[in-house]
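Read through the structure below, which is laid out as structure tokens, and then see the notes.
No hydrogens, no waters, no symmetry mates; every other heavy atom, side chains included, goes into these values. Residue numbers run from 1 in the order of the sequence given.
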Amino acid sequence: MAQDASQRWNRTEGVLIAPGTTPDEVAACLSGHDVVARMEWYPATSHLVGLVLLTDAEGRVAVTPPSRGGVVPGTGVSELAEQVARELGADVTIGPASFNALPDDVALPEVPSGASESTRTVVVSPLSAYTVPLQATLLERSLTVVSVPGIDRRIVMSTGEGPGLGAFGWDEESLPALVLTAGDGDMTVRAVMTDDIEDDAVYSWAMTSHYVWGSVAEPGPALCRLVEELLTDSTDATAIAEAVPGADVEAATAALRTEGAAGMAAMIGALGLPEWVDEVLTGRLAPAEVPGAVVHEPRGLSNAVGRSVGLMLRDPQIPGSALWQSYIYTVTERPWLVRGLVALEAALGGTLIGKGVQRRQRTGHVSAGLAAVGAMLVVDAVVELSMASWARHKELRRRADEEMALVAEELGA
């Protein structure tokens with residue numbers, strides 16, 4: 001029984017670095033050796049070309065035969081790496097084989113890494129909104145958050161340089177997360193299912209792919225089937241769709257087949273995300289201009305903790321939020337009551353400390369219990385007064401912001 005052609009070949013990946021050489025020249029070189037391959041590169045780094053070839057168990061590269069369809073074993077992978085490197089003056093790595101024929105005086109172009117000033121990132125995650133102030137402080141950058149109740153997700157937006165969400169790892173409450181990035185000509189979607197980066201499903205609409213069919217001008221059915229099965233990278237749209245509840249898997253699959261910005265826009269629609277997400281990623285809308293957006297600046301750890309606690313306690317689903325709302329009402333509407341209770345507590349603490357001192361005058365020994373309890377009451381009174389002042393200030397500012405928003409809405413109408 002004949003063995004299936006795809007079972008005789010292994011997918012082998014590599015990379016070629018050839019400054020001053022175009023992808024078309026690389027393709028012509030591979031075609032000159034009858035090699036069947038897939039090439040990938042970004043427009044900004046066309047000197048850096050990813051390669052995917054087919055090799056057999058003996059390390060021989062799949063090439064097109066001169067007289068019939070399909071592929072046959074050709075030269076060894078080590079020999080091919082050396083030949084291509086010498087012809088193009090390049091550094092070539094294919095599987096375990098590598099050969100460096102770069103001139104000694106060549107200057108390698110700088111490969112951009114990380115975000116740039118033009119980068120715009122949108123993260124869709126089930127993370128709690130009250131964790132965003134802490135994230136902004138940890139990442140040392142502004143983060144804008146909008147809640148999307150329909151899908152029980154938060155959309156966190158950032159622009160410009162700097163680390164993004166997940167740079168220091170993902171916690172379970174933040175997963176699965178979907179990361180959409182645009183900028184510098186690149187448009188990428190990444191589904192983060194676990195904290196292991198190898199489990200991510202990634203697709204870029206900016207990467208260019210090109211197939212080399214060896215010496216064949218028009219590939220036949222057998223060669224096309226083999227290439228599609230072993231050389232084509234098919235990012236699973238299912239993994240991307242699973243990151244957002246209610247996403248349309250078929251539409252997401254079609255979006256991956258759509259080129260450029262239209263593909264990213266189609267993916268946003270397939271995931272059921274608001275239309276303004278595409279406007280933010282394309283730079284037509286600033287994150288702060290999104291309806292319902294809240295901007296969190298990195299203002300220090302203590303400030304972030306205060307904002308996070310305030311957001312958490314205002315959440316009706318968080319235990320203790322009703323008690324917090326009652327406390328806010330008291331310190332805002334009845335501040336005299338709080339001041340009276342604090343003064344009474346401080347007075348009681350002072351009295352206990354005074355009694356401890358008087359006992360020393362009579363007996364020569366200080367009552368440690370009276371002094372400790374008194375000091376604790378005084379300290380607690382000071383903390384309570386500070387907390388009440390902070391809470392009242394935040395609530396009054398919130399009310400003022402709401403009133404200003406209503407006035408602006410009426411004037412706009």
Side-chain angles (χ1 to χ4, degrees), residues 40-48 50 108-125 127 131-146 148 153-170 174-193 195 197 200-208 235 240 243-244 255-256 258-271 273-290 293-299:
E40 288 183 338
W41 69 91
Y42 287 101
T45 54
S46 59
H47 68 284
L48 186 63
L108 294 177
E110 183 177 351
V111 178
S113 60
S116 68
E117 286 294 334
S118 65
T119 301
R120 298 170 295 278
T121 303
V122 171
V123 179
V124 183
S125 167
L127 86 171
T131 65
V132 180
L134 292 173
Q135 290 283 357
T137 298
L138 179 66
L139 299 172
E140 298 183 344
R141 67 182 310 176
S142 300
L143 296 178
T144 303
V145 61
V146 175
V148 186
R153 288 293 188 272
R154 256 58 58 196
I155 297 181
V156 183
M157 297 164 282
S158 59
T159 61
E161 297 178 331
L165 286 179
F168 304 111
W170 297 89
S174 300
L175 297 177
L178 191 82
V179 183
L180 292 158
T181 307
D184 292 333
D186 190 16
M187 292 162 287
T188 304
V189 59
R190 177 164 61 98
V192 184
M193 312 307 292
D195 198 28
I197 193 173
D200 293 358
V202 184
Y203 184 83
S204 172
W205 284 275
M207 180 175 285
T208 302
T235 299
I240 296 175
V244 181
L256 295 183
T258 306
E259 297 182 358
M264 175 169 277
M267 177 60 73
I268 292 170
L271 297 174
L273 300 178
E275 293 182 1
W276 52 257
V277 171
D278 182 56
E279 296 180 18
V280 170
L281 288 169
T282 55
R284 291 175 289 161
L285 184 68
E289 297 173 347
V290 173
V294 178
V295 181
H296 294 285
E297 301 287 352
R299 297 173 181 168

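Under the side chain to side chain contact (heavy atoms under 4.5 Å, CB included) rule, L273 has a single partner from V122, D278, L180, which is L180. Exactly one residue among T121, V290, L143 makes a side chain to side chain contact (heavy atoms under 4.5 Å, CB included) with M157. That residue is V290.
At least one donor-acceptor pair closer than 3.5 Å links the side chain of W205 to the backbone N or O of A255. Checked by atom type and distance alone, the side chain of R141 pairs as donor or acceptor with a backbone atom of T159 at under 3.5 Å. In this structure a side-chain-to-backbone donor-acceptor pair under 3.5 Å is present from R154 to L127. With hydrogens and angles ignored, the 3.5 Å screen pairs no side-chain donor or acceptor of T144 with any backbone N or O of A293.
Atom CE of M193 sits about 12.0 Å away from atom CH2 of W170, to the nearest 0.5 Å. In this structure, CE in M187 is found 10.0 Å from CD in E259, a value given to the nearest 0.5 Å. Considering CE of M264 and OG1 of T258, their distance stands at 12.5 Å, rounded to 0.5 Å.
Closest approach of R120 to V280, counting heavy atoms only: CD-O, 3.0 Å. Taking both residues in full, the closest heavy atoms of A288 and V295 are given as CB-CG2, 3.9 Å, listed atom of the first, atom of the second, then distance. Across every non-hydrogen atom of L165 and L139, the tightest pair is N-CD1, 3.9 Å. Scanning both residues, A243 and A177, for their nearest heavy atoms gives CB-O, 4.2 Å. Closest non-hydrogen pair, S174 versus S125, comes out as O-OG, 2.7 Å.
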- Task: Given side chain to side chain contact (heavy atoms under 4.5 Å, CB included), test L256 with M267 step by step and report yes or no.
- Result: CA-CA 7 Å; L256 295 183; M267 177 60 73; 3.5 Å; yes
L281 vs E279, side chain to side chain contact (heavy atoms under 4.5 Å, CB included): CA-CA, chis, key distance, verdict
CA-CA 6 Å; L281 288 169; E279 296 180 18; over 6 Å; no
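A donor and an acceptor atom, one from each side chain of S204 and D186, are located under 3.5 Å apart.
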